[in-house]
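These notes concern the structure reproduced below.
Proteins come first, then strands; the chains are lettered A, B, ... in the order of their sequence lines, and each starts at number 1.
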Number of protein chains: 2
Amino acid sequence: MASVEFSRILSFFKALSDESRLKIVGALASNERSVEELATLLELRAPTVSHHLAKLKEAGLVEMRSEGTTHIYHLVLSEMRALTRRVLSLDTIETFTEDVHPDAWERKILGDFFEGQRLKEIPASRKKREVILRWLVERFKFDRRYMEKEVNAIIGKHHPDFATLRRELICAKLLARESGVYWRP
Amino acid sequence: MASVEFSRILSFFKALSDESRLKIVGALASNERSVEELATLLELRAPTVSHHLAKLKEAGLVEMRSEGTTHIYHLVLSEMRALTRRVLSLDTIETFTEDVHPDAWERKILGDFFEGQRLKEIPASRKKREVILRWLVERFKFDRRYMEKEVNAIIGKHHPDFATLRRELICAKLLARESGVYWRP
DNA sequence: AGATTATTTTGATATATATCTAATTAGATA
DNA sequence: TATCTAATTAGATATATATCAAAATAATCT
């Protein structure tokens with residue numbers, strides 16, 4: 001389920017994603033205004049304006065005060081600013097996928113290309129090949145050096161074309177090599 | 001017609017006013033990603049993701065680069081920031097009503113309550129009364145002092161209850177008074 | 001050239017929503 | 001209490017759009 005932060009930001013965008021509501025906010029930027037006044041300005045019927053104001057109020061962007069039967073609405077600038085600022089932050093944006101399983105993609109690719117321990121084929125697309133390579137490199141320990149023959153043997157357990165895969169691992173900088181010795185950087 | 005700035009901001013909000021698109025932006029915040037990858041992450045079909053990416057591209061929020069048949073999308077952070085900042089500014093918000101006739105409301109009220117030069121009645125609602133008072137005070141010059149009798153005569157040309165209206169003008173600070181002399185502040 | 005893969009386009013459908021009129025509610029006034 | 005006014009709610013309608021499956025494109029590989 002989506003976080004409360006996510007819902008707030010979504011309803012913020014929904015609130016401002018309509019031409020009439022954007023104009024209402026514009027009109028309220030310079031002055032508080034009654035429903036009838038807004039209706040006249042925007043050439044809409046009062047119920048329509050009322051409907052829009054309800055959405056803006058829901059998002060916390062406007063507040064209302066009564067004066068007799070007149071309802072006078074004003075912008076909540078602090079909320080406008082707070083929400084806008086939050087959208088500006090990359091940290092906040094990243095949380096938009098909070099409820100999504102982040103490794104769904106990798107698991108799918110691994111499932112598609114492996115049959116048990118055996119790699120059925122080397123993916124043509126770089127994106128997918130990367131997933132396979134990241135899995136392969138996990139077969140190597142960090143605190144060890146490997147001779148080329150060992151590297152070939154380990155990769156060979158999963159796919160016959162160990163030469164290509166070895167080269168790709170180096171190329172992707174997942175494995176390092178110097179004078180015939182390999183290790184995980 | 002709406003200004004180009006207004007349309008850009010509206011399409012910015014429209015682009016981000018959907019749950020799936022907000023999540024796509026979230027996924028792209030940490031990494032560039034292919035259509036298929038996004039589809040897997042969000043549990044949507046590729047055409048749906050393609051549709052959303054088109055909208056985000058339209059708004060200038062993402063860009064695409066091809067790698068073989070794979071299309072890899074990435075966030076345009078500068079555009080995100082630029083648009084968000086513009087929304088933060090009150091000046092920008094005020095321009096949202098640029099194409100709206102700003103005195104439509106006042107003209108409507110004056111039309112409703114006046115019959116020629118004659119004020120039919122004094123509006124009950126403060127908002128409307130203010131419009132009438134602002135019109136009335138225009139009957140006075142800035143660089144003159146008026147005796148109460150003169151004030152009554154001028155107001156009386158438009159409505160018999162000059163006493164109430166005179167008091168309201170003072171109350172709204174549209175007219176100033178000291179020891180029986182009146183002037184426009 | 002033919003086959004394969006990733007993406008986009010098209011067409012269909014269901015849901016959401018902007019707008020209006022008519023009816024209702026709530027406050028103020030006579 | 002009855003009336004008037006401003007706003008909201010209810011109900012209806014038309015438009016917009018999110019989603020999917022199927023078809024069409026585009027790039028790559030055999």
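- Both the sub-6.0 Å distance and the 45° axial angle are satisfied by A:Arg144 relative to the ring of A:Tyr146.
- Summarising the geometry, the separation between CG on B:Leu44 and C1' on D:dT17 is reported as 14 Å, rounded to the nearest angstrom.
- Contact annotation: A:Thr69 does not reach the phosphate of D:dA7 (side-chain N/O to OP1 or OP2, under 4.0 Å).
- Ionic pairing of A:Arg166 and A:Glu168 is not present here: no N-O contact between side-chain nitrogen and carboxylate oxygen is shorter than 4.0 angstrom.
- For B:Lys55, counting side-chain heavy atoms from C-beta on, the closest listed nucleotide (D:dT17, C:dT19, C:dT7) is D:dT17.
- Between the CG atom of A:Leu53 and the C1' atom of D:dT9 there is a distance of 15 Å, rounded to whole Å.
- Between D:dA16 and B:Lys14, no contact under 4.0 Å exists linking OP1 or OP2 to a side-chain N or O.
- Residue A:Thr70 is in sugar-phosphate contact alone, with no base atom involved, counting any heavy-atom pair closer than 4.0 Å across all strands shown.
- Between B:Arg45 atom CZ and C:dA6 atom P the separation is 15 Å, expressed in whole Å.
- Contact annotation for A:Ser34: backbone-only contact, meaning every heavy-atom pair under 4.0 Å involves sugar-phosphate atoms and none involves a base.
- Along DNA chain D, the nucleotide nearest A:Pro47 and the nucleotide nearest B:Ser125 are compared for position; the residue whose nucleotide lies closer to the 5' end is B:Ser125.
- A sub-4.0 Å separation between OP1 or OP2 of D:dA26 and a side-chain N or O of B:His71 is absent.
- Pairing of D:dA7, defined by two Watson-Crick or G-U wobble distances under 3.5 Å, is identified with C:dT24.
- Distances were taken from every side-chain heavy atom of A:Glu36 (C-beta onward) to each of D:dA7, C:dA6, C:dC20; the shortest belongs to D:dA7.
- Between A:Lys128 and B:Ala54, the residue anchored closer to the 5' end of DNA chain C is A:Lys128, taking for each the nucleotide with the nearest heavy atom.
- In terms of phosphate contacts, A:His52 brings a side-chain nitrogen or oxygen within less than 4.0 Å of OP1 or OP2 of C:dT19.
- Counting only heavy atoms from C-beta on, A:Ser50 has its side chain closest to D:dA7 among C:dC20, C:dT7, D:dA7.
- Between B:Arg21 and D:dA18, a side-chain N or O to OP1/OP2 separation shorter than 4.0 Å is present.
- When rounded to the nearest whole Å, the span between CD of B:Glu19 and P of D:dT19 equals 8 Å.
- Closest to the side chain of A:Tyr73, out of C:dT21, D:dT8, D:dA7, is D:dT8.
- No engagement by A:Ser66 is indicated, since no non-hydrogen atom pair under 4.0 Å with the nucleic acid exists.
- Note: A:Phe96 and A:Phe6 have perpendicular aromatic rings, judged against thresholds of 30 and 60 degrees for the angle between ring planes.
- Toward the 5' end of DNA chain C, the nearer of the two residues B:Lys57 and A:Ser17, judged by each one's closest nucleotide, is B:Lys57.
- Side-chain nitrogen and oxygen atoms of A:His51 include at least one within less than 4.0 Å of the OP1 or OP2 phosphate oxygen of C:dA18.
- A:Arg126 has a carboxylate O that lies under 4.0 Å from a charged side-chain N of A:Glu130, or vice versa, which qualifies the two as a salt bridge.
- B:Lys23 places its NZ atom 14 Å from the P atom of D:dA18, with the value rounded to the nearest Å.
- Classification of the B:His158-B:Phe114 ring pair by plane angle, with boundaries at 30° and 60°, yields perpendicular.
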